[in-house]
Structures are given as C-alpha cells and as structure tokens.
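Letters A, B, ... are given to chains in the order of the sequence lines, protein chains preceding strands, and every chain is numbered from 1. Quick note: numbers below take in every heavy atom, side chains included, and nothing from hydrogens, waters or symmetry partners.
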Amino acid sequence: MDGNTSGEDGNDIDWSTEDELEIESFTLSSSSSLTVPGREAIAGSGEASSSQGPSNSKVVDHFVGMGFSGKMVAKAIQEHGEENTDSILETLLTYSALESSPQEPQQVDCDDQFSSDSEASFLDDFSDIDSYSDNEDILNPTSEKNKKLLSLVNMGYTAEEASIAIERCGLDSTVVELTDFICAAQMARAEDAHLPLEEKPRLNHAYKKRKLLQYELLKKKKLMRLGNKTIDEDDETVHLPNPMVGFGIPSEPCLKTHRNLPEAALGPPYFYYENVALTPKGVWSTISRFLYDVQPEFVDSKYFCAAARKRGYVHNLPIENRFPLIPLPPHTIHEAFPLIRKWWPSWDTRTKLNCLLTSIASAKSTERIRKALEDYDGEPPLRVQKYVLDECRKWNLVWVGRNKVAPLEPDEVEMLLGYPKNHTRGISRTDRYKSLGNSFQIDTVAYHLSVLKEMFPNGINLLSLFSGIGGAEIALHRLGIRLKNVVSVEISAVNRNVVRSWWEQTNQRGNLYDLDDVQQLNGDRLEHYMTLFGGFDLVVGGSPCNNLTGSNRLHRDGLEGKESSLFYHYYRILDLVRSIKT
DNA sequence: CCCATAATGATCGGAAGT
DNA sequence: ACTTCCGATCATTATGGG
C-alpha cells in the first residue's frame with residue numbers, strides 16, 4: 001500500500017478513499033487514543049448530537065453519570081418530563097434490558113437430540129400439512145415433482161441428488177423421506193471416501209434446515225388451530241430496537257461492551273451477515289437460528305451518515321473497542337450538499353435522507369413538482385407543501401434550484417454510502433443506481449469490522465459472498481486491514497468488474513479470486529482455497545433482499561423466495577468453512 | 001435504414017412498524 | 001392514522017453496428 005500514489009482524483013471531496021495517507025494518519029491518531037475510541041471523533045465533529053435539543057439539565061447529567069447514553073436519557077425525559085425521575089429511571093432500565101437480554105434459548109425441540117418417536121410424529125405433521133395446507137400452488141399435480149425438486153434444491157441439495165431421491169422414493173414420498181434418503185446417500189458416500197469430517201456439515205445443514213421447516217409448519221398449524229386469537233409468538237418475533245443503534249454507534253458508544261455468544265457461534269472464523277431490517281415476520285428469527293442463534297444487531301445508518309439504511313447484522317465479532325472510519329462522513333443533508341442550502345425551503349424540515357434505493361424518480365415527477373410550485377411566490381399552501389414533501393421523501397429528492405428538485409446523482413450516492421468517488425463510474429447509470437442501492441454503507445460496516453484490526457495486524461483472508469461492488473473489501477481496506485487473499489463471489493459480471501477495477505486501482509498486494517455463483521461453491525472448491533492460503537479469517541455476506549423488502553410489491557415471499565433463499569447458501573458455505581480444518 | 005439490444009420512464013400496493 | 005421501503009414489470013425511447 002506504500003506505493004499507491006493514485007491521488008489524481010480531484011479532491012474537492014475529501015472522503016475519497018483512494019488516499020493511503022488517510023489510513024496512515026488515522027493509524028497514528030488511533031494509536032494515540034486507543035483507550036477511548038470514538039471520543040476524539042466526537043470532539044472533532046462539533047455538533048454530533050444535532051438531533052437532540054439542548055437539554056442541559058442536572059437530570060441529564062445524573063442519568064448519564066449512571067451510565068445511560070445521552071440519547072436514551074433525552075428520550076426518556078421527553079417521555080416523562082424532568083421531574084418524574086422514577087419513571088425516567090424505569091424507562092431507561094427497560095431500554096437497557098431490551099438491548100442486553102438475549103432471548104431465552106428454549107425450543108429444545110430444534111436441537112440435536114431426537115428420538116425416532118418424535119421423528120415419526122414430525123413426519124406425520126409434515127406430510128399432513130404438506131398435502132392439505134392452504135397453499136394454492138399444490139393444486140397443480142403436474143408440478144408436484146418440480147415443486148419437490150425445487151424445495152430440495154432450496155434446502156441446499158444439488159438438483160442431481162434431489163432428482164435421484166425422487167426417482168428412488170417415488171413421487172408420493174414426503175419431503176422428509178426424500179431428505180432422509182439423501183442424507184443416507186451422503187453418509188454412505190462420505191464413508192466411502194474416508195471423508196467423514198468434511199461431509200458431516202452438509203448433513204447437519206440439511207438436517208437442521210429440515211428441523212426448522214418442521215418447526216415453522218408446526219407453528220403454522222398451531223396458529224391455524226388457534227384461529228385469529230392472540231398468539232404467543234414471543235419466541236418468534238424479533239424486536240427492532242428504537243433507536244436502532246445496535247450495540248453502539250460512534251457518537252454514543254453503548255455502555256454495553258460485551259455480549260455472550262452461544263458457544264457454537266464462537267470464532268474464528270468470524271462471520272458477518274447482513275440484510276434489510278424490516279422483513280416479513282419470522283425471517284430474522286429463522287436467520288438467527290441458522291447462524292448459531294446469534295442475535296442480530298439492528299442498525300440504522302442514519303447514525304453514521306446523512307441517509308437512513310435500516311439493516312440487521314448477524315455476526316460473531318467482538319463489540320468492544322470499535323472505532324469509526326476517519327474522516328467522519330457528513331451527517332446531515334446540508335453537510336453533505338452545502339450548495340443546496342440556498343434553494344432549500346424552510347418548510348422542508350428533512351435533515352436526513354431516506355434509504356437509498358435502486359432506482360430514482362423520473363424527470364416527469366420532478367417537473368410536476370416544479371409546476372405545482374411555480375404559482376406561488378412565498379410559501380405554497382399546506383396542501384401543496386404536503387404533496388411536494390411526500391414526493392421528496394418518497395424519492396429522496398433534493399433542492400437544486402428555484403422550485404426545482406432532483407434525484408441524487410450516482411456519485412452523490414457513492415459519497416453517502418462511503419464509496420470512493422467514481423467507484424462505479426463507467427457502467428451504465430441505471431446499473432450504478434442498482435448496484436449502489438444494493439450495497440453496504442461503508443462507515444457502518446467498517447465500524448463493526450474495526451475490531452479486526454488489532455486482531456489481525458498482518459491482514460486477513462476474506463471470503464466475501466454476494467460481494468456486489470465490494471463493500472466489505474472497501475471497508476476493510478479503509479480500516480487499514482490488509483487483504484491477503486480475497487475470494488469474492490458475485491453473480492453480476494458488471495459488479496465483479498467494479499471490484500476488480502477497484503482492486504487494481506488501489507494497488508492491492510494480495511490475491512483476488514472472483515467467482516460468479518455461490519451455488520457452485522462446493523466443499524472441494526473451498527478446501528482448495530483454504531489449503532492454498534490457510535483458511536478464512538472472515539466470511540462476509542449480504543444475501544438478496546428482493547423477497548424481503550417492503551419495496552417489492554409483487555414477490556415479497558420471505559426467506560423462501562426465489563432470490564432471498566440464497567441465504568441458505570450463505571449458511572451452507574459458512575458451515576463448510578467452519579468445519580474444514582486446515 | 002433495419003434490426004438488435006440497452007437504457008429509461010411510467011405505473012403498480014402492502015406489510016410492518018411507530 | 002401515518003410513514004417507510006437494498007423492487008418488478010412492461011412500454012417506450014436511445015444507441016450502435018451492419
């Protein structure tokens with residue numbers, strides 16, 4: 001990284017990440033302030049807590065002194081008033097409890113041990129529901145085979161295994177029977193090949209998944225029996241924290257500095273999984289249960305930059321001594337776009353942008369807004385204001401002229417998300433929006449990954465699944481963590497080119513291996529890489545959210561959706577990596 | 001100009017949260 | 001009651017190589 005002098009970027013914007021100087025200067029400052037990470041940053045950022053009013057009473061100090069965060073205290077005071085200290089304390093304790101209490105690890109039924117009895121009853125339940133549930137799609141008998149094939153493939157089996165199983169067991173057999181058949185076949189093969197250890201995780205995977213499916217179905221059945229009465233699904237619902245700050249953010253590191261991970265989840269290797277926070281019900285609990293029962297960390301990137309981005313992260317990284325990337329990115333719309341201030345009407349009270357999506361408003365819609373405004377000299381009537389504001393919020397429009405709003409340019413999105421300027425330049429405009437809309441917010445992810453820096457002073461080997469335009473790689477690079485070997489799996493050739501180009505631009509000294517399809521990354525392939533450079537230190541991945549996000553009007557099918565079910569490949573591959581000894 | 005492909009524009013609710 | 005959202009489909013227009 002020494003010889004990198006690609007400083008040809010016009011540095012009108014100073015968070016361009018190409019600059020190695022940044023990393024070096026940061027390294028210096030961090031080493032001098034290692035004890036209290038983040039403090040320095042706060043001091044430098046001036047008005048970090050801009051969203052809070054100037055509540056500077058003794059009450060605040062009192063509670064902050066007790067160890068609660070300023071934000072929590074402010075919120076509690078807002079709710080109860082300053083006098084009502086008892087209620088404030090109660091609220092604060094509730095907040096803390098909500099954040100720190102892991103769910104009870106009940107549900108023994110999903111765990112390893114099983115008797116043949118329970119197995120049999122499971123089987124009954126399963127086949128029962130499978131054939132009589134209210135799913136309409138089973139009405140078509142000709143698709144029965146394909147449907148079974150598909151669900152087996154979605155469970156992580158190969159199409160070949162699945163079709164053999166169907167052929168042997170007959171079309172009438174239940175999915176459970178089929179998986180049992182495949183498991184047995186795998187077991188036999190594993191013994192043949194003297195590879196019990198390597199093949200075992202695949203069995204575990206399939207087995208665990210099956211159990212989970214059964215669990216879901218049982219629940220569904222129970223739910224149907226209960227009718228529309230209130231259902232006890234406390235064990236099922238994952239509560240989103242409010243404020244959505246996870247285990248802490250740079251401006252307010254949480255008092256919580258440690259968590260107890262389930263033993264099965266401990267690293268190395270470390271893993272870091274990401275997806276949208278607002279999913280259909282049950283999705284996050286399923287993800288969490290697959291990823292070794294680690295509780296997700298839900299974070300809104302509006303605490304890191306000028307745009308919202310509500311995401312859940314499941315990882316087994318330590319959470320103490322995190323530090324943010326320097327320089328801190330702009331935290332408000334006005335900081336991010338100083339020039340728009342003169343056009344920004346006082347009645348548009350936004351300070352943060354909404355989530356950056358994959359497409360932008362049409363020219364016509366901004367034209368409609370201009371037309372709606374041009375008749376008025378001063379403030380338009382409330383009705384017009386509401387129309388305009390609704391549109392602006394919906395499409396993340398900013399003011400760029402008199403009565404003139406416009407969507408963000410691709411390079412502005414790059415900046416907000418923490419990518420190097422022009423990172424995606426060269427591909428089509430549409431593709432840029434799409435790729436960026438699907439990416440990590442660098443500052444957020446880097447904050448979480450920062451703990452790796454002192455653990456791996458010589459760099460890391462990274463397995464990056466669903467890499468997109470390389471958010472994880474860039475975050476690590478900006479942290480000054482050397483990338484020794486990176487295996488990056490990404491289906492889109494356009495995105496792979498972006499990453500490859502970035503890799504060359506930044507004069508990486510490590511090796512980048514890029515693959516195109518997670519589904520073809522099997523144990524052999526992984527073992528090859530792992531013996532080549534001695535295992536992976538970190539497995540990162542944000543699997544497709546197509547079928548999870550609220551923006552999808554047509555196919556919000558949950559984790560079993562066409563694209564989103566690729567999550568199971570993240571789990572499959574992670575479990576393989578964890579089981580292969582090097 | 002013809003034809004292919006690529007890029008852009010218009011339009012489409014709803015679940016789950018506060 | 002009100003807000004938000006890593007989107008998909010189809011029609012239309014732009015682009016480019018012959």
Query raised in the report: Can you check the Leu357(A) CG to dT3(C) C1' distance for me, whole Å?
Result: 14 Å
Report task. Could you check how far CE of Met244(A) sits from P of dG17(B), rounded to whole Å? Result -> 10 Å
Query - N/O (side chain, Thr358(A)) to phosphate O (OP1/OP2, dG7(C)) under 4.0 Å - result: yes
Requested in this report: Could you tell me whether Arg311(A) contacts a base, only the sugar-phosphate backbone, or nothing, with contacts defined as non-hydrogen atoms closer than 4.0 Å?
Outcome: base
Requested in this report: Could you verify whether a donor N or O on one side chain and an acceptor N or O on the other, from Tyr272(A) and His448(A), lie under 3.5 Å apart?
Outcome: yes
Query raised in the report: For the side chain of Arg309(A), counting heavy atoms from C-beta on, which of dC5(C), dC6(C), dA15(B) is nearest?
Result: dC6(C)
Report summary line: Against the side chain of Lys281(A), the closest entry in dG9(B), dG7(C), dG17(B) is dG17(B)
Report summary line: note: Asn354(A), atom CG; dC2(C), atom P; distance rounded to Å ~ 18 Å
Query raised in the report: Hey, is the side chain of Ser428(A) poking within less than 4.0 Å of OP1 or OP2 on dA6(B), counting only N and O atoms?
Result: no
Requested in this report: Side chain of Arg556(A) only, please: which of dG7(C), dC5(C), dG14(B) is the nearest?
Outcome: dG14(B)
Query raised in the report: Can a side chain N or O of Ser439(A) be found less than 4.0 Å away from OP1 or OP2 on dC6(C)?
Result: no
Report summary line: Regarding the side chain of Ser551(A), the nearest nucleotide among dA7(B), dA8(C), dG7(C) is dG7(C)
Query raised in the report: To the nearest angstrom, how far is Phe567(A) atom CZ from dC6(C) atom P?
Result: 18 Å
Query raised in the report: Counting any heavy atom closer than 4.0 Å, what does Ser543(A) reach on the DNA or RNA strands: base, sugar-phosphate only, or nothing?
Result: base
**Report entry** Along DNA chain C (nearest heavy atom to each residue), the more 5'-positioned of Asn438(A) and Leu554(A)
**Finding:** Asn438(A)
Requested in this report: Check whether any side-chain nitrogen or oxygen of His239(A) sits under 4.0 Å from OP1 or OP2 of dG17(B), and answer yes or no.
Outcome: no
**Report entry** Touch class at under 4.0 angstrom, heavy-atom based, for Lys364(A) against every strand present
**Finding:** sugar-phosphate
**Report entry** Check: Tyr570(A) ring centre within less than 6.0 Å of Phe290(A) ring centre
**Finding:** no
Report task. Mind calculating the distance between CZ (Arg553(A)) and C1' (dC10(C)) to the nearest angstrom? Result -> 14 Å
Query raised in the report: In terms of the nearest nucleotide of DNA chain B, which residue is placed more toward the 5' end: Asn552(A) or Ser365(A)?
Result: Ser365(A)
Query raised in the report: Which part of the nucleic acid, if any, lies within contact of Gly542(A), taking any heavy atom under 4.0 Å across all strands shown: a base, the sugar-phosphate backbone alone, or nothing?
Result: base
Report task. Without swapping roles, check the side chain of His423(A) against the backbone of Ile469(A) for a donor-acceptor pair under 3.5 Å. Result -> yes
Requested in this report: Would you please say whether a donor-acceptor pair under 3.5 Å links the side chains of Tyr292(A) and Asp575(A)?
Outcome: yes
Query raised in the report: Are the side chain of Glu414(A) and the backbone of Thr424(A) linked by a donor-acceptor contact shorter than 3.5 Å?
Result: yes
Requested in this report: Counting heavy atoms from C-beta on, name the nucleotide in dC6(C), dA8(C), dC5(C) closest to the side chain of Asn275(A).
Outcome: dC6(C)
Query raised in the report: When all nucleic acid strands are considered with a 4.0 Å heavy-atom cut-off, which category describes Cys545(A): base, sugar-phosphate, or nothing?
Result: base
Query raised in the report: CG of Leu548(A) versus C1' of dG14(B): gap in Å, rounded?
Result: 15 Å
**Report entry** N-O pairing of Glu367(A) and Lys364(A) below 4.0 Å
**Finding:** no
Query raised in the report: Base, sugar-phosphate, or nothing for Thr279(A), non-hydrogen atoms under 4.0 angstrom?
Result: sugar-phosphate
Requested in this report: In whole angstrom, give me the gap between the P atoms of dT4(C) and dT11(B).
Outcome: 22 Å
Query raised in the report: Does Trp284(A) have its ring centroid less than 6.0 Å away from the ring centroid of Phe298(A)?
Result: yes
Query raised in the report: What's the CD-P distance between Glu563(A) and dC6(C), to the nearest Å?
Result: 15 Å
Query raised in the report: Does Trp395(A) or Leu240(A) map to a spot on DNA chain B nearer the 5' end, using the closest nucleotide for each?
Result: Trp395(A)
Requested in this report: Can you tell me the distance, in whole Å, between the CZ atom of Arg368(A) and the P atom of dA10(B)?
Outcome: 7 Å
Query raised in the report: For the side chain of Lys386(A), counting heavy atoms from C-beta on, which of dC5(C), dT3(C), dA8(C) is nearest?
Result: dT3(C)
Requested in this report: State whether a side-chain donor-acceptor pair under 3.5 Å links Glu391(A) with Ser365(A).
Outcome: no
Query raised in the report: Which dot-bracket notation, 5' to 3', represents the base pairing of DNA chain B when pairs are defined as Watson-Crick or G-U with both distances under 3.5 Å, crossing pairs as [ ], and inter-strand pairs as |?
Result: ||||||||||||.|||||
Report task. Indicate whether the side chain of Ser543(A) and that of Tyr273(A) have a donor and an acceptor atom separated by less than 3.5 Å. Result -> yes
